[in-house]
Amino acid sequence: MEMRGKLTIAAISLSCIALSACGATTTPAQTVTVTSTTATPVYTASATTHAPLTPVPVDTPDAAPAGITIPDVTGQNAEIARARLEGLGLTNVELASANPKYSMVILAKNWTVVSIEPAPGTTVDAGSPVIVKVYKD
């Protein structure tokens, strides 16, 4: 008898012993017959074709949502308004002075938003220019 058959008989014997230890009842004249057949494994090469791989979209910090609606930030601090707009995914936000005394905005936290172009409620792409007009005394 080869090794595989001996292992099968040993496994069955251990199962019977385990069952009797758990309280299973057996008749004294019980006979177990084990027949062992061993098949030779057959290995064949297959020409399986696989479907082409499809790229899976991955969320990255650079990926901006399409169709961002411009919120109304009028009356807000310019620094906070810019952060809010950029937080929505807008990448081309520019602060422009609405006061003729100042040609450029140096510290946004010292300015207040007076208008925004395009108008609030307009839907734009992430890279569309958004001009925030700000005022400071």
Side-chain angles (χ1 to χ4, degrees):
M1 183 182 298
E2 64 182 73
M3 185 63 150
R4 180 178 229 151
K6 290 179 184 177
L7 289 175
T8 305
I9 292 172
I12 292 172
S13 298
L14 286 175
S15 296
C16 290
I17 293 169
L19 286 174
S20 64
C22 293
T25 58
T26 59
T27 58
Q30 189 174 19
T31 306
V32 177
T33 305
V34 177
T35 306
S36 174
T37 58
T38 305
T40 305
V42 177
Y43 299 99
T44 59
S46 65
T48 305
T49 58
H50 299 282
L53 297 176
T54 305
V56 177
V58 177
D59 289 322
T60 61
D62 298 333
I68 301 167
T69 303
I70 302 291
D72 186 6
V73 292
T74 305
Q76 293 183 8
N77 177 281
E79 186 172 311
I80 294 169
R82 178 175 45 196
R84 180 176 176 200
L85 294 168
E86 289 173 349
L88 292 173
L90 295 168
T91 59
N92 193 4
V93 178
E94 181 184 332
L95 300 179
S97 174
N99 185 340
K101 289 186 350 183
Y102 303 103
S103 60
M104 69 170 91
V105 178
I106 303 293
L107 288 173
K109 68 181 182 179
N110 295 331
W111 297 71
T112 302
V113 177
V114 292
S115 67
I116 186 169
E117 296 173 16
T122 305
T123 302
V124 298
D125 291 329
S128 298
V130 177
I131 309 299
V132 181
K133 301 270 181 138
V134 295
Y135 188 83
K136 168 179 132 171
D137 287 325

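Reckoned from all heavy atoms, side chains included, excluding hydrogens, waters and symmetry mates.
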Which side-chain N or O atoms in residues 74-84 pair as donor and acceptor under 3.5 Å with protein atoms at least two apart or in another chain?
from, atom 1, to, atom 2, distance (Å)
Thr74, OG1, Asp72, OD1, 2.9
Asn77, OD1, Glu79, N, 2.9
Asn77, OD1, Ile80, N, 3.3
Asn77, ND2, Lys109, O, 2.8

Show which side-chain atoms of residues 97-105 pair as donor or acceptor with protein atoms under 3.5 Å away, not counting sequence neighbours.
from, atom 1, to, atom 2, distance (Å)
Ser97, OG, Asn99, N, 3.1
Ser97, OG, Asn99, O, 3.0
Ser97, OG, Tyr102, O, 2.8
Asn99, OD1, Lys101, N, 2.9
Asn99, ND2, Lys136, O, 2.4
Tyr102, OH, Asp137, O, 3.2

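Listed by chain and number, the residues in a side chain to side chain contact (heavy atoms under 4.5 Å, CB included) with Glu117 are Ile131, Lys133 (sequence neighbours excluded). Taking the side chain to side chain contact (heavy atoms under 4.5 Å, CB included) definition, one finds that Ser128 meets it with Val124, Asp125, sequence neighbours left out.
Sorted pairs that involve residues 115-137 and meet ring pair (Phe, Tyr, Trp, His ring centres under 6.0 Å), not counting sequence neighbours, are lacking altogether.
Side-chain contact between Pro71 and Leu85 is present, with at least one heavy-atom pair separated by less than 4.5 Å. Using a 4.5 Å heavy-atom cutoff, the side chains of Ile116 and Val130 are in contact. Val134 places none of its side-chain heavy atoms less than 4.5 Å from the side chain of Thr112.
The nearest pair of heavy atoms linking Gly89 to Ala126 is O-CB, 3.4 Å.
Rounded to the nearest 0.5 Å, atoms CG (Leu88) and OG1 (Thr69) are 9.0 Å apart.
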